[in-house]
Protein chains: 2
Amino acid sequence: MNKVGRVIQIDRVIHEPVRLAIMSSLYEKEFADFNGLLEEFSLTRGNLASHIKRLEQAKYVEVIKTFKDRIPHTTYALTNKGRKAYENYWHLFDEIRQNIVLGG
Amino acid sequence: MNKVGRVIQIDRVIHEPVRLAIMSSLYEKEFADFNGLLEEFSLTRGNLASHIKRLEQAKYVEVIKTFKDRIPHTTYALTNKGRKAYENYWHLFDEIRQNIVLGG
DNA sequence: AAAACTAGGTTTGCCCTACAAACTATTCTC
DNA sequence: GAGAATAGTTTGTAGGGCAAACCTAGTTTT
């Protein structure tokens, strides 16, 4: 293993704590809605919306808009890409933890 | 478990990838020197110095200045506080991973 | 002793991002 | 149409990472 020039290549989209928590939540529960996440993580609406937007742009999360009792209801779920990225993130972290990391 | 107002309380000092890599390296090897880290992670001197400064300010890392063949040689090591913070960081991450997180 | 080199920084300037607060758009109820 | 709720977008600010330039103390070379 070449020690020279190892590069830290962590996925910054996922690495941000709020987004990591959202991804983690979605990974386990399959679905989550806007107000649920809002309450769960004590965020402002704007802040939550912008984090989700970031995850959408990375194609990690898809948005499902429905109506529930005639009230708009937005639900989120991981895409396949998001699921893979999330798994890969943890995989990389295991390697960092064992110090066998990072790139080559 | 109260779901309202869970807070994401990740230690940002450690969470930054470069610093996480440095901490990880020190956790395993006990010691590391400036030029070793420089080479290991492909950083500029200024960038590395500023990350280490950050870790020093948090009292996670201590600096050991010696001379090696009359050439100054700076070595770094984790403090007890740093060691604990590092372990705690991973502990929190395990909880995030299992989604049993975060505060409460 | 002057020049050049080395280790280990500090300073400067740029750019990106998180965040709160304010504002907006859409659809519902009355 | 007025008012309320959801789900955003926009704006402004503060903080942080980064490279490049500069700095300082000591060492070696000439």
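In what follows, chains are A, B, ... by sequence order, proteins preceding strands, each numbered from 1.
The distance between atom CG of A/L48 and atom P of C/dA21, rounded to the nearest whole Å, is 15 Å. At whole-Å resolution of the value, CZ in B/F67 and P in D/dT28 are 11 Å apart. Straight-line distance from the CD1 atom of A/I10 to the C1' atom of D/dG17: 14 Å, rounded to whole Å. Look at CZ on A/F34: it is 17 Å from P on C/dA25, rounded to the nearest Å. Look at CG on B/L38: it is 13 Å from C1' on D/dA19, rounded to the nearest Å. B/I22 places its CD1 atom 13 Å from the C1' atom of D/dG17, with the value rounded to the nearest Å. One atom, CZ of B/F41, and another, C1' of D/dA19, lie 19 Å apart when rounded to the nearest Å. Atom pair A/I52:CD1 and C/dC19:P shows a separation of 13 Å (rounding to whole Å applied).
Sequence order on DNA chain D of the closest nucleotides to B/I71 and A/E56 puts A/E56 first from the 5' end. Judged by closest nucleotide on DNA chain D, A/K65 is the one of B/E16 and A/K65 placed further toward the 5' end.
Between D/dG17 and B/N47, no contact under 4.0 Å exists linking OP1 or OP2 to a side-chain N or O. Of the side-chain N and O atoms in A/Y76, one or more sit less than 4.0 angstrom from OP1 or OP2 of D/dG8. Side-chain N/O atoms of A/S50 include none lying less than 4.0 angstrom from OP1 or OP2 on D/dT9. Phosphate contact (OP1/OP2 of D/dA5, side-chain N/O of A/H73, threshold under 4.0 Å): absent. For the OP1/OP2 pair of D/dG16 and a distance below 4.0 Å, the side-chain nitrogens and oxygens of B/R12 include no atom meeting the criterion. A close approach under 4.0 Å does not occur between any side-chain nitrogen or oxygen of B/T44 and OP1 or OP2 of D/dA20.
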Is there a side-chain contact (heavy atoms from CB on, under 4.5 Å) between B/M23 and B/L78? Walk through the geometry before answering. CA-CA 7 Å; B/M23 295 280 285; B/L78 288 187; 3.6 Å; yes
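Minimum interatomic distance between A/S50 and A/N47 (heavy atoms only, all atoms of both residues): OG-O, 2.9 Å.
The side chain of B/R70 lies closest to D/dT28, out of D/dT28, D/dG17, C/dG8. Taking the side chain of B/R45 as heavy atoms from C-beta on, and the options D/dG17, D/dG8, C/dG8, the nearest nucleotide is C/dG8. Nearest to the side-chain atoms of B/H51 among the listed nucleotides D/dG17, D/dA7, C/dG8 stands D/dG17. Distance from the side chain of B/P72 is smallest to C/dA7 among C/dT10, D/dC18, C/dA7.
Applying the ring pair (Phe, Tyr, Trp, His ring centres under 6.0 Å) test between A/Y27 and each of A/W90, A/Y76, A/Y86 identifies A/Y86 as the sole match.
Between A/E28 and B/R97 there is no salt bridge, since no side-chain nitrogen of the basic residue lies less than 4.0 Å from a carboxylate oxygen of the acidic one.
Taking the six-membered ring where the residue is Trp, the centroids of B/H15 and B/F93 are separated by under 6.0 Å.
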